[in-house]
Amino acid sequence: MTHLDVRLFGPQADAVGERSVRLTLPCESCTCAQVLDALRTAAPPLAESIDSSRLAVNQRLADPADPVRPTDEIALVGMVSGG
Amino acid sequence: MTHLDVRLFGPQADAVGERSVRLTLPCESCTCAQVLDALRTAAPPLAESIDSSRLAVNQRLADPADPVRPTDEIALVGMVSGG
Amino acid sequence: MSANARIFDGPLDGIPAPTPHPAVGAVLVFEGRIRPTEAAQTITAIDYETYDPMAERMLGELARQALEKFGLLAVQALHSRGRVGVGQCSFRLWIASTHRREGLDAMDWFIDTLKRDVPIWKRPVFVESGAGATP
Amino acid sequence: MSANARIFDGPLDGIPAPTPHPAVGAVLVFEGRIRPTEAAQTITAIDYETYDPMAERMLGELARQALEKFGLLAVQALHSRGRVGVGQCSFRLWIASTHRREGLDAMDWFIDTLKRDVPIWKRPVFVESGAGATP
């Protein structure tokens, strides 16, 4: 079991009404894909936008297969609108 | 017979060594195409660039079939390099 | 060749543009400005949220990638954080290149990539209907 | 919506850019600058020859055509006449549009058309080899 927090920003934070979501995952060594799946279940308002979102792990965009540790800084990067 | 002057600019003026060329054409009502042909004969240094050049008649770009009168202001517009 | 990026609090208006090196034949500037409507509603400003310091670091990475990918001479990217009012500038991309073509291509690529990947979010500030009218 | 064009004697550096209307979401600026070499030879300046007033009138026509063709909000085109030194600006195109896409497309079209049709010619001023070295 792994516990970790995922930071939310912008419209995704607004949709959930929180700046971060605490997740409990069944895996011991988890991947970004597993975190995104758990997030989808834990925060239903993200359902529509999560497929076009990525995780940032320690402030770098990560791929689905990349590992995540509970000590990592994890953020959901989706619905960005800079420029 | 028609007499007219064609103004030259930039590298075409440099090639001919003149700012204008005086032409004598056999036609009475002449076209731009006829002027360009006469210019080719009268100013051999223009041979290479004249096919990619156009005439301006009274300060407007003209087409080959457009008429030219001796009182018109005629200029060769070729090898332009603005910007 | 230089690439740099900065995120500033508030609008970018008034921040001077770089002075191009004499070898530069083409300078291209793109400025994104706040328009008075968002999804057909009147707004007064946009609040920009940035994930710091990742947003600035990524802007800098994009600037370096653009430099290399398009063979540019210099790139500067600036973006606002926080509130930027209607008519003010929130993003500026400055590109110096030998010729025009690579500069235009780089500008297109940079802005597309920014809009897809860089962790910056905007939140429109709508006109408060009737606010202040109640006693 | 406004389109304007001017030819100035000498470099354009220092001529202020227009202030965009608040509805403008994107401002694009292209500056053409004099590079220190021309066909692999060192130069000190470019002398621009313009066919007046046709050159300025055509620049204005291109600005109006760009406005209409690409649905822009404003266009300003400036070009130099006479001598412009290395590192100085000889051409500036300023485009204001609602969005980026049409501004970039218009810029490309404008510069291509300018380089093909507008009666402006450049003559490089080369470094005089050995000038002043002979007694």
Side-chain angles (χ1 to χ4, degrees), chain B residues 4-23 31-33 35-36 38-40 42-83, chain D residues 5-8 12 29-35 38-39 43 45-63 65-66 77-82 84 88-94 107-126:
Chain B
L4 40 78
D5 295 308
V6 179
R7 297 182 61 176
L8 304 176
F9 296 90
Q12 293 179 320
D14 292 347
V16 175
E18 300 286 345
R19 308 290 298 164
S20 76
V21 173
R22 164 141 279 229
L23 299 177
T31 64
C32 286
V35 173
L36 286 167
L39 192 56
R40 203 188 315 263
L46 298 178
E48 279 186 36
S49 63
I50 206 163
D51 286 338
S52 54
S53 304
R54 294 171 71 179
L55 289 186
V57 177
N58 296 325
Q59 305 237 349
R60 294 189 179 268
L61 286 180
D63 289 320
D66 288 343
V68 206
R69 278 166 295 267
T71 52
D72 289 336
E73 178 179 322
I74 305 167
L76 184 65
V77 175
M79 303 180 78
V80 301
S81 49
Chain D
R6 274 287 294 281
I7 291 183
F8 285 89
L12 304 176
V29 186
F30 173 82
E31 285 190 348
R33 306 182 76 87
I34 309 301
R35 295 190 299 127
E38 179 80 21
I43 65 169
I46 298 264
D47 281 333
Y48 283 98
E49 185 180 2
T50 56
Y51 181 23
D52 300 320
M54 181 179 174
E56 189 174 78
R57 206 205 63 239
M58 276 196 75
L59 278 185
E61 280 170 12
L62 293 192
Q65 283 173 36
L78 309 178
H79 204 293
S80 293
R81 175 200 293 117
V84 183
Q88 292 184 310
C89 177
S90 59
F91 171 63
R92 189 162 77 202
L93 179 62
W94 185 95
M107 188 156 265
D108 224 19
W109 175 85
F110 191 106
I111 301 172
D112 281 346
T113 312
L114 161 69
K115 286 181 178 291
R116 193 190 59 216
D117 287 343
V118 178
I120 299 176
W121 296 267
K122 65 178 180 187
R123 202 178 261 111
V125 180
F126 296 104

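Numbers restart at 1 for each chain; the letters A, B, ... are given by sequence-line order, proteins then strands.
Among all heavy-atom pairs drawn from D/Leu114 and B/Val80, the shortest one is O-CG2, 4.5 Å. Scanning both residues, D/Pro53 and B/Gln59, for their nearest heavy atoms gives CD-OE1, 2.9 Å. Of all heavy-atom pairs between B/Gly83 and D/Ser90, the closest is O-OG, 4.1 Å. Of all non-hydrogen atoms in B/Ser81 and D/Tyr48, the two that sit nearest each other are O-CE2, 4.1 Å.
With respect to chain B, the highest number of heavy-atom pairs below 4.5 Å among D/Ile120, D/Leu93, D/Asp52 belongs to D/Ile120. Of the listed residues (B/Ala75, B/Gly78, B/Gly10), the one with the most heavy-atom contacts under 4.5 Å to chain D is B/Gly10.
Contact of D/Arg57 with chain B is made through the side chain alone, with heavy-atom distances under 4.5 Å. Only the side chain of B/Arg7 comes within less than 4.5 Å of a heavy atom in chain D; its backbone stays farther off.
Rounding to the nearest 0.5 angstrom, the gap separating the CD atom in D/Glu61 from the CZ atom in B/Arg60 is 5.5 Å.
The number of heavy atoms from other shown groups lying within 6.0 Å of CD (B/Glu48) does not exceed 12.
Distance alone, capped at 3.5 Å, places no donor-acceptor pair between the D/Trp121 side chain and the B/Val77 backbone.
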